[in-house]
Amino acid sequence: MELPIVTEISQNRRSPFEVLIATILSLRTKDEVTRSASKRLFEKANTPQQMLGLEDSEIAELIYPVGFYNTKSRTILEVSRVLIKDYGGSVPDDLDSLLRLKGVGRKTANLVLTLGYGKLGVCVDTHVHRINNRLGYVKTKTPEQTEMALREKLPKQYWIQYNDLLVTWGQNVCKPISPICSKCDISIYCKRIGVTKSR
DNA sequence: AAAACGGGGGC
DNA sequence: GCCCCAGTTTT
């Protein structure tokens with residue numbers, strides 16, 4: 001099973017900055033599309049200093065297929081500027097500082113901590129949110145509520161592996177539409193809440 | 001709470 | 001052709 005792109009980047013010993021940028025590119029975007037776009041971008045620039053050497057429109061053109069390319073290219077440049085100005089050109093390794101960056105929300109911040117620094121983070125995206133609610137493990141409306149619930153319920157030692165596992169599972173088995181329940185190892189524990197069609 | 005940001009891929 | 005995607009910001 002192919003690894004999600006951001007995970008793959010972290011496992012190739014890429015920098016926290018690359019994890020951060022790849023995560024920004026991946027927002028609301030299919031994994032395969034993010035894969036090619038991040039590769040193109042990193043060939044041109046993979047540090048905040050190098051990013052600032054590119055024009056807004058240049059970045060937008062490189063990442064074009066990911067969608068939201070105007071927002072994302074501005075975010076990349078703005079984040080790069082702040083990293084140089086306030087953090088000596090490196091990515092901060094605490095949640096509060098990361099959340100203060102424009103364009104970085106809870107999911108991105110926690111993912112940078114987890115994959116960029118091997119630190120604690122419960123990263124709740126649509127996959128983690130959906131799977132936990134289907135299982136009946138949590139009953140939450142927003143991803144942030146799911147994050148807080150998991151911090152209480154899930155043993156710390158599993159937090160880092162947990163996200164990668166569920167995202168991979170969410171992309172390949174417990175899909176948003178027509179999940180392949182016959183291929184699911186934890187099917188017997190699942191309440192299938194909100195699952196209409198399954199295979 | 002809902003809209004806006006967006007092209008690509010699945011069906 | 002229609003709907004969703006490792007979200008976040010703005011209204």
Side-chain angles (χ1 to χ4, degrees), chain A residues 1-12 14 16-41 56-57 59-79 82 95-117 119 121-134 140-148 150 154 159-180 194-199:
Chain A
M1 222 175 261
E2 199 168 31
L3 284 171
I5 178 60
V6 178
T7 304
E8 182 187 301
I9 283 173
S10 81
Q11 295 199 347
N12 287 337
R14 302 282 214 150
F17 182 72
E18 285 172 316
V19 174
L20 173 60
I21 299 303
T23 307
I24 290 169
L25 292 182
S26 77
L27 303 186
R28 301 299 291 175
T29 301
K30 283 278 203 297
D31 217 50
E32 276 314 309
V33 181
T34 308
R35 203 174 289 277
S36 57
S38 61
K39 189 177 175 188
R40 278 197 305 279
L41 179 59
D56 192 324
S57 57
I59 296 179
E61 190 173 339
L62 287 167
I63 67 174
Y64 176 74
V66 301
F68 300 121
Y69 45 85
N70 285 322
T71 305
K72 288 175 180 176
S73 59
R74 275 196 296 271
T75 297
I76 290 168
L77 283 176
E78 175 61 17
V79 164
V82 175
L95 186 62
D96 287 341
S97 299
L98 286 165
L99 287 176
R100 258 181 251 123
L101 299 171
K102 204 101 153 187
V104 175
R106 300 196 68 85
K107 189 225 99 182
T108 303
N110 276 309
L111 199 52
V112 169
L113 289 180
T114 302
L115 297 180
Y117 288 110
K119 283 196 168 187
V122 176
C123 321
V124 177
D125 58 356
T126 54
H127 291 306
V128 175
H129 182 61
R130 178 183 69 255
I131 293 175
N132 275 287
N133 277 286
R134 276 183 180 169
T140 50
K141 204 156 161 42
T142 67
E144 181 168 358
Q145 290 165 3
T146 303
E147 180 190 330
M148 297 314 174
L150 290 179
L154 186 70
W159 285 7
I160 288 180
Q161 294 173 0
Y162 183 80
N163 180 259
D164 185 35
L165 185 63
L166 259 67
V167 171
T168 304
W169 208 244
Q171 289 178 352
N172 296 288
V173 180
C174 195
K175 302 178 180 184
I177 306 293
S178 299
I180 311 171
V195 175
T196 50
K197 296 179 296 182
S198 68
R199 284 186 282 136

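Each chain gets a letter, A, B and so on, in the order the sequences are listed, and its residues count up from 1.
- Per the geometry, CD1 belonging to A/I5 stands 15 Å off C1' belonging to C/dC5, to the nearest Å.
- Both A/H127 and A/G103 lie close to DNA chain C; mapped to their nearest nucleotides by heavy-atom distance, the more 5′-ward contact belongs to A/H127.
- Residue contacts shown for A/T75 are absent, as no nucleic acid heavy atom lies under 4.0 Å away.
- A straight line from CG of A/D125 to P of C/dT8 spans 10 Å, rounded to a whole angstrom.
- For A/T29 and A/T34, the side-chain atoms include no donor-acceptor pair closer than 3.5 Å.
- Looking at A/T140 and A/N133, their side chains come closer than 4.5 Å, going by heavy atoms from C-beta outward.
- Look at the P atom in both C/dC4 and B/dA2: the space between them is 16 Å, to the nearest Å.
- The phosphate of B/dC5 has neither OP1 nor OP2 within less than 4.0 Å of any side-chain N or O from A/Y69.
- Applying side-chain contact (heavy atoms from CB on, under 4.5 Å) to A/P4 and the options A/Q171, A/H127, A/R35 leaves one that passes, A/Q171.
- Taking atom CD on A/E78 and atom P on C/dT8, their separation rounds to 17 Å, with Å as the unit.
- Taking the P atoms as reference points, C/dT11 lies 15 Å from B/dG6, given to the whole Å.
- Within 4.0 Å (heavy atoms only), A/P176 reaches sugar-phosphate atoms of the nucleic acid but no base atom.
- Nucleotides B/dA3 and C/dC3, compared at atom P, are 15 Å apart to the nearest Å.
- Put simply, CZ on A/R28 is 14 Å from P on B/dA3, counting in whole angstrom units.
- With rounding to whole Å, A/D31 atom CG is found 15 Å from B/dG10 atom C1'.
- In terms of position on DNA chain B, the residue among A/K141 and A/F68 whose nearest nucleotide sits closer to the 5' end is A/K141.
- Between the side chain of A/R130 and the backbone N or O of A/C174, at least one donor-acceptor pair lies under 3.5 Å.
- A 4.5 Å side-chain heavy-atom check between A/T114 and A/V19 finds every atom pair outside the cut-off.
- Position along DNA chain B of the nearest nucleotide to A/K175 versus A/V66 favours A/V66 as the more 5'-ward residue.
- As rounded to whole Å, 15 Å separates atom C1' of C/dC4 from atom NE2 of A/H129.
- Residue-level contact check: A/L111 touches the bases, meaning some heavy atom is under 4.0 Å from a base atom.
- Rounding to the nearest 0.5 Å places CG of A/L115 at 7.0 Å from OG1 of A/T23.
- Here A/T108 lies in heavy-atom contact (under 4.0 Å) with sugar-phosphate atoms only.
- Comparing A/K102 and A/T29 along DNA chain C, the residue whose closest nucleotide (by nearest heavy atom) sits nearer the 5' end is A/T29.
- Counting to the nearest Å, the C1' atom of C/dC3 and the NZ atom of A/K30 are 9 Å from each other.
- Side-chain N/O atoms of A/T126 include none lying less than 4.0 angstrom from OP1 or OP2 on C/dC4.
- One interatomic measurement links the two molecules: CD1 of A/I21 to P of C/dG7, which rounds to 16 Å at whole-angstrom precision.
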